[in-house]
**Q** 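Have a look at the structure that comes next, please.
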Amino acid sequence: MQIFNSMNRRKEEFVPVEPGKIGMYACGVTVYDLCHIGHARSLVVFDVIYRYLKYRGYDVTFVRNFTDIDDKIINRSNERGITWKALAEQYIEEFYVDMDRLGLLKPTYEPRATDHIEEIINLVRQLEEKGLAYEVDGDVYYRLQGFKGYGKLSGKNIDDLLSGARVDIDDRKESPLDFALWKRSKVGEPSWPSPWGEGRPGWHIECSAMSQKFLGDTFDIHGGGQDLIFPHHENEIAQSEGASGKPLANYWVHNGFVNIDKEKMSKSLGNFLTIRELLEDCHPEVLRFFVVANHYRSPIDFSQENVAVAAAGLERLYQSLDRLLEKAAGSAGGSSSLDDRIEAWRQDFIAAMDDDFNSAAAVAVLFEVSKEMNRQLDEGETGIDPQAAAQVAEFMREIGEPLGLLQETPRDFLQRTTGKADNQLEAAEIESLIAARAAARKERDWAEADRVRDILDENGIILKDSAEGTKWQRKR
RNA sequence: GGCGCCAUCGCCAAGUGGUAAGGCAGAGGUCUGCAAAACCUCCAUCUCCGGUUCAAAUCCGGAUGGCGCCUCCA
């Protein structure tokens, strides 16, 4: 398996620290607001990686944290007149609502910063002992001068950063680049006792403390959005490696951004889309399909049109699956005449995903299966038999699983309500109209049959006639 | 100003040295009462210029055009 390592900007052969086991840490969210589709992409990307590593038989320990204390949380809770704790709890709950709808697997651990104050303090003390941290009036800063290798992940060097104009001038710090490990609390702010007085953790230290606790000094994969490379991950490296003297992670994986209509998504541009808003008229698997059909490192452009294309593609796959299951008609699956064919597809899928999680190429395998199966199904009696149909359906679900696709029953997916129109026909009404049309067709009353079909069409229902009868689905 | 990424068919998107995956849309055909769906066939030489090589979309140099980071950010 090859993984593109942000540290060297190269694909590298993946070798876990411990054979068969993988430790993976992905930076989670700061819980002060609802998650947006940028979060959704990152979350889905690492969910897919997690799922795939498990599919490949690894024993994966996946850690994704919650940042539940920081400036934004404090400010927002003050605005609302509630405690920081209440605000964090609220958005952690909202986070889980979104994650469940997106079908994300639960990580092995989901630690919160404020549950690890002791570990954080210990880590800061270690850094102090090593001369890599110093206290000023209850604040503790990281001494960058003392850590060589700063900038190795982001490709920056200290001199360039110093010459940049945007560094805060703070006379109390030895260097403008030194960042806070521990912040003295102001009056009324949440705080925890520490050797430096009442205070709270700085921005980056929690990830160092928690990854060390759950995964050890050196683990396999550290992930996050590309925007986290600097300064967050760079600072994590300084903290963790400064303390342990060992590499923090062997592979750094960063996902690309989400643009909306070719513009950067931002609150100031007003093109900010939350997961929740999106899911009002977009099936979660369509969102996943959209994410997975693109390479995780490329930027993706989010637009109505692109979502529609994703929906059309996923529907095509579900349609094939639907036909296969119909053909299988309760057949057990298991081994069949298609064993070799399926194994070849499986190897194609694995080859794609083993190549730096190339999910777009993996999706192409699903389309190949779909096309081939449709062809055979069209042949009728001389084509695929029920046993093989059941086996292929099972296989499509098998490789869909790591991608988080094709996990619904096709009928549910194809006939789901969209949430767009408020007066949608009930399934029973649709069935009775179809029956009326069938009766008219039997009488060869084409005008009446077409009239009924037009009614359904106006209500967003598409009919498909076949030898076995008429099937319907909703258009979108 | 510093660091870095990207540019492949009308649209989306794989491919990083050996002669362009896949999806959407489009054209023609099969099927159908007519459709829809499905199937079959067709549909790009990879922004431009120069170089390396037997061979380049893939490597090097340059140009042009996008974008990101350098400040909280998935």
Side-chain angles (χ1 to χ4, degrees), chain A residues 6 9 11 26-30 32-33 35-46 67 70-72 75 151 154-157 159-168 203 223-232 234 254-259 262-267 289-290 293-295 297-301 303 305-317 319-320 322-323 348 352 355 358-368 370-379 441 444-447 449-450 453-454 457 461-467 470-473 475:
Chain A
S6 303
R9 298 193 193 87
K11 277 187 199 173
C27 291
V29 296
T30 300
Y32 75 108
D33 207 345
C35 287
H36 53 66
I37 59 175
H39 294 116
R41 181 187 194 187
S42 190
L43 262 356
V44 168
V45 163
F46 290 102
T67 297
D70 88 325
D71 289 343
K72 292 188 292 293
N75 293 339
S154 54
K156 301 181 185 307
N157 64 63
D159 291 340
D160 287 344
L161 288 166
L162 278 172
S163 67
R166 301 202 230 181
V167 179
D168 278 341
W203 304 309
Q226 270 167 3
D227 51 344
L228 258 29
I229 292 175
F230 190 90
H232 185 60
E234 200 68 73
H254 293 97
N255 65 275
F257 283 124
V258 175
N259 294 325
K262 300 196 169 124
E263 279 189 312
K264 182 177 174 171
M265 179 172 66
S266 76
K267 289 188 173 172
F289 184 91
F290 178 59
N294 288 271
H295 192 97
R297 280 187 277 116
S298 309
I300 55 178
D301 183 44
S303 67
E305 195 195 339
N306 289 344
V307 171
V309 168
L314 185 57
E315 267 174 40
R316 182 177 164 84
L317 295 178
Q319 254 148 195
S320 286
D322 190 36
R323 293 182 69 190
D348 287 347
D355 180 16
N358 191 339
S359 53
V363 168
V365 175
L366 276 171
F367 280 110
E368 267 174 45
S370 164
K371 194 178 189 86
E372 174 63 18
M373 288 303 101
N374 284 334
R375 203 178 60 70
Q376 292 206 28
L377 287 161
D378 276 0
E379 286 176 17
R441 291 181 76 205
R444 306 186 70 81
D445 184 354
W446 307 127
D450 289 349
R453 186 170 63 196
D454 287 346
D457 184 70
I461 306 300
I462 302 168
L463 298 185
K464 282 182 241 171
D465 295 332
S466 72
T470 300
K471 291 198 288 191
W472 64 274
Q473 69 181 62
K475 62 180 163 190

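Throughout, protein chains are lettered first and strands after them, A, B, ... in sequence-line order, and every chain is numbered starting at 1. Worth saying up front: this structure is predicted, and the values here are computed from it rather than measured.
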**Q** Using atom names, set out every protein N or O paired with an N or O of nucleotides 43-47 of chain B below 3.5 Å, distance rounded to 0.1 Å.
**A**
none

**Q** When the distance from CG of A:Leu463 to P of B:A38 is rounded to whole Å, what number comes out?
**A** 15 Å
**Q** Do A:Tyr32 and A:Asn75 have side-chain heavy atoms sitting under 4.5 Å apart?
**A** no
**Q** Regarding A:Arg297, tell me which of base, sugar-phosphate or nothing describes its non-hydrogen contacts under 4.0 Å with the strands shown.
**A** nothing
**Q** Under 5.5 Å between ring centres and under 30° between planes: true for A:Phe367 and the base of B:G22?
**A** no
**Q** Rounded to whole Å, please give me the gap between CZ in A:Arg323 and C1' in B:A36.
**A** 13 Å
**Q** Hey, does the side chain of A:Lys264 come within less than 4.0 Å of B:C73's phosphate (OP1/OP2), counting only N and O?
**A** no
**Q** Give none if B:A21 has no partner; otherwise give the nucleotide forming a Watson-Crick or G-U wobble pair with it, both distances under 3.5 Å.
**A** none
**Q** Return yes if the base of B:C34 and the side-chain atoms of A:Arg453 contain a donor-acceptor N/O pair under 3.5 Å, otherwise no.
**A** yes
**Q** For A:Asn259 and A:Pro299, indicate whether the former's side chain and the latter's backbone hold a donor-acceptor pair under 3.5 Å.
**A** no
**Q** Looking at B:A35, B:C11, B:A13, which one has an atom nearest to any side-chain atom of A:Ala360?
**A** B:A13
**Q** Are A:Asp355 and A:Lys11 ion-paired here, with the side-chain N under 4.0 Å from a carboxylate O?
**A** yes
**Q** Looking only at N and O atoms, is any donor in the side chain of A:Asp450 or the base of B:G33 less than 3.5 Å from an acceptor on the other one?
**A** yes
**Q** Who is the Watson-Crick or G-U wobble partner of B:A13, with both distances under 3.5 Å?
**A** none
**Q** Once you apply a heavy-atom cut-off of 4.0 Å, does A:Val45 come out as touching a base, just sugar-phosphate, or nothing?
**A** nothing
**Q** Just N and O in the side chain of A:Asn358: are any of them under 4.0 Å from OP1 or OP2 of B:G15?
**A** yes
**Q** Which nucleotide wins on minimum distance to the side chain of A:Asp160, given the candidates B:C3, B:C39, B:C34?
**A** B:C3
**Q** Looking at B:A37, does its base get a donor-acceptor pair with the side chain of A:Arg316 below 3.5 Å?
**A** no
**Q** By nearest nucleotide on RNA chain B, pick out whichever of A:Ile37 and A:Val363 is the more 5' one.
**A** A:Val363
**Q** Relative to the 5' end of RNA chain B, which residue comes earlier, A:Ser298 or A:Ala312, by the nucleotide with the nearest heavy atom?
**A** A:Ser298
**Q** Is the shortest side-chain N to carboxylate O distance from A:Asp378 to A:Arg375 below 4.0 Å?
**A** no
**Q** Would you kindly give the CH2-to-C1' distance between A:Trp203 and B:A74, to the nearest whole Å?
**A** 18 Å
